[in-house]
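Quick caveat, the model's predicted, so the values are computed rather than measured. In this chain, numbering begins with 1 at the start of the sequence shown.
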Amino acid sequence: MIFGRQYTFWFCVGSQDLYGAECLEHVAEHARIMVERINASGLLPFPLTLKPTLLTSSMIRATFNEANADDSCAGVITWMHTFSPAKSWIAGLQEFRKPLMHLLTQFNREIPYDSIDMDFMNENQSAHGDREYGHAVTRLGIERKVIAGYWEDEKVLARVASWMRTAIGVVESRRIRVLRMADNMRNVAVTEGDKVEALQVFGWEVDAYPSSEIAHAVRDVAQGDVNALVDEYYERYTILLDGRDPAEFRRHVAVQAQIEIGIERFLKEKNYQAVVTHFDDLEGLQQLPGLAIQRLEEKGYGFGAEGDWKTAAMVRLMKLMTAGMKDAKGTSMLEDYTYNMVPGKEGILQAHMLEICPTLADGPISIRCQPLSMGRREDPARLVFTSKTGSGIATSLIDLGTRFRLVIQEVDCKKNEKPMPKLPVATAFWTPKPDFYTGLEAWVLTGGAHHSSFSFDLSAEQMADWAAYMGVEAVVLDSSTTIRDLKRDLALGRLIYR
């Protein structure tokens, strides 16, 4: 998955002219060396762009407004090389509309004990400047990321890289458009939500289309295009006939190929990046989209089942945040299905009727075609696999009526203890933190949904930072969670977020 633009992050250095031209020459040279070395390290997912040293209120304000107007700028990293009077930053900060980081570092790692003098002290005042600048940002109430550490340390750059992906989630959120096929599943509460508020808060446009209109786009797909895609399926995946006639099986698979092509063309034509379906509204479609949706998710589209547009948007967002990540393990919509409560083997089986993204797959991926009681259509083809193992996060964006809350739970994905030959869907199995039973209770107390937007590749910190920038409550459930503390935090959230 690629972006429509090449992103960069501006590196803005604070100083002032009190100590003369030579000092400012050193500041500029230090900043140039830092940016060149950091970019050359290959540790950041996006390059830094060095801007001229910021000295005055007018320079700072102009720079921040240029950043606002530059679509390729995904955020600004500020570094106080020297003491920079913070009143000079106020106007620019007030008008800035993109993610902001304050990097607490300095050019030299060690105090030069043998040679340090007042010239060095005046020139290298990061410890002084950080506090002056930080005070102003705090007083203004501006959300920002603060990272402290030496600029060449890999751990520091790893945190900067992580924040960059959060920043991408912030700027790209405003471009997410969700296509809904019909409405939400009848009488289900958690998939409902205020779409106008979502546009105000997150920038998401959520629009409904009748399934018949999408079905028309599917019917327009040429048979040659369908045959070519089916050939690709047969080359890429293992075919499990389960006793079905091979020709009949292939015909069922071809229906999904036609749906995949048709829906993707419709999404591109109308400029949508996420889609939701509903098994009770399939007018004109032969099958409930299964394999087709799985393939679209793999390409980077968001998806939510039964009209769950919030999950669809979050899956899209999280896929954007992980785009281009080396050795990424996968991101997908998942649903809690059933518990395993055997002592020492506790966990929750995650699956859905059809639509789990194959980026999660560990090992071979198969195509199966089995009956599905929901949808009242012919047996849909779907990709079947088991998930990778390891740490991940499950997120659930919920609408509490007056505000949104993002629930983030750290989980440990494990292998299923035994095969499940009669279950023809993709599956994952995880144990929530801090432990199985506390994790279950905590998720329910927060109001988390049965659908989640899951990723192996993002952290709770990244998603909490995203929520903070958006101005919504984030509740993190991790190894330190206790029910008593959680209830206190939820009570505080009701007072803070209104």
Full working for side-chain contact (heavy atoms from CB on, under 4.5 Å) between Trp443 and Thr438: CA-CA 9 Å; Trp443 184 271; Thr438 305; over 6 Å; no
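- A side chain to side chain donor-acceptor pair (under 3.5 Å) with Gln287 holds for exactly one of Arg377, Gln258, Gln256, Arg382; it is Gln256.
- At a threshold of 4.5 Å between non-hydrogen side-chain atoms, the residues Leu103 and Phe11 count as touching.
- Taking 4.5 Å as the limit, some side-chain heavy atom of Met314 sits within range of a side-chain heavy atom of Trp204.
- Rounding to the nearest 0.5 Å gives a distance of 12.0 Å between CG of Asp242 and CD1 of Ile367.
- Annotation: Trp163 is in aromatic contact with Phe9 [ring centroid separation under 6.0 Å].
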Evaluation steps, ring pair (Phe, Tyr, Trp, His ring centres under 6.0 Å), between Phe385 and Tyr237: CA-CA 11 Å; Phe385 54 85; Tyr237 308 115; 9.5 Å; no
Residue pair Lys145, Asp465: steps toward the salt bridge (charged side-chain N to carboxylate O under 4.0 Å, His left out) verdict: CA-CA 8 Å; Lys145 185 70 173 179; Asp465 285 345; 2.8 Å; yes
Stepwise side-chain contact (heavy atoms from CB on, under 4.5 Å) check, Asp379 with Leu372: CA-CA 6 Å; Asp379 303 346; Leu372 185 69; over 6 Å; no
side-chain contact (heavy atoms from CB on, under 4.5 Å) evaluation trace for Leu406 with Val475: CA-CA 6 Å; Leu406 182 64; Val475 181; over 6 Å; no
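- Of the inter-residue distances, the one linking Asp478 atom CG with Glu461 atom CD reads 11.5 Å to the nearest 0.5 angstrom.
- Judged by the 6.0 Å and 45° rule, Arg174 forms no cation-pi pair with Phe202.
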Test log, rule side chain to side chain donor-acceptor pair (under 3.5 Å), inputs Glu283 and Ser212: CA-CA 5 Å; Glu283 183 181 353; Ser212 57; 4.5 Å; no
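- In this structure, the side chains of Thr322 and Phe456 stay at 4.5 Å or more apart for every pair of heavy atoms.
- The two atoms that bring Met470 and Val201 nearest to each other are SD-O, 3.6 Å, heavy atoms only.
- Contact record, Gln294 with Leu383: OE1-N, 2.7 Å, taken as the closest heavy-atom pair.
- Looking only at side-chain heavy atoms (C-beta outward), Met333 and His451 come within less than 4.5 Å of each other.
- Nearest heavy-atom pair, Ala74 versus Ile168, reported as atom, atom and distance to 0.1 Å: CB-CD1, 3.8 Å.
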side-chain contact (heavy atoms from CB on, under 4.5 Å) evaluation trace for Glu232 with Leu229: CA-CA 5 Å; Glu232 179 184 331; Leu229 187 54; 3.6 Å; yes
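- Smallest separation of non-hydrogen atoms from Glu473 and Gly493: OE2-CA, 3.6 Å.
- Between Leu486 and Thr446 there is a side-chain heavy-atom pair separated by less than 4.5 Å.
- Side chain of Arg251 to backbone of Ala247: no donor-acceptor contact under 3.5 angstrom is found.
- Using modelled atom types, no side-chain atom of Lys310 and backbone atom of Ile398 make a donor-acceptor pair closer than 3.5 Å.
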Glu346 and Asn340: CA distance, side-chain angles, deciding distance, side chain to side chain donor-acceptor pair (under 3.5 Å) verdict: CA-CA 5 Å; Glu346 296 93 345; Asn340 195 54; over 6 Å; no
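- Counting heavy atoms from C-beta on, the side chains of Leu291 and Arg368 never come closer than 4.5 Å.
- Residues Leu317 and Met463 approach most closely at CD2-CE, 4.2 Å, considering heavy atoms.
- The closest side-chain donor-acceptor pair between Gln350 and Glu335, if any, does not fall under 3.5 angstrom.
- The closest side-chain heavy-atom distance from Met325 to Pro45 is not below 4.5 Å.
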Steps toward salt bridge (charged side-chain N to carboxylate O under 4.0 Å, His left out) verdict (Asp362, Lys329): CA-CA 9 Å; Asp362 185 24; Lys329 294 177 66 176; over 6 Å; no
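- Summarising the geometry, atom OH belonging to Tyr272 is positioned 3.5 Å from atom CG belonging to Asp207; distances are rounded to the nearest 0.5 Å.
- Scanning both residues, Ser332 and Leu360, for their nearest heavy atoms gives CB-CD1, 3.7 Å.
- With a 4.5 Å cut-off on side-chain heavy atoms, Glu306 and Met353 count as touching.
- Around NZ of Lys415, the count of heavy atoms belonging to other residues, nucleotides or ligands within 6.0 Å exceeds 12.
- A cation-pi arrangement is absent between Arg403 and Tyr497 under the rule of less than 6.0 angstrom and at most 45 degrees off the ring axis.
- For the pair Lys270 and Phe266, the cation sits on the ring face: its NZ or CZ lies under 6.0 Å from the ring centre, inside 45° of the axis.
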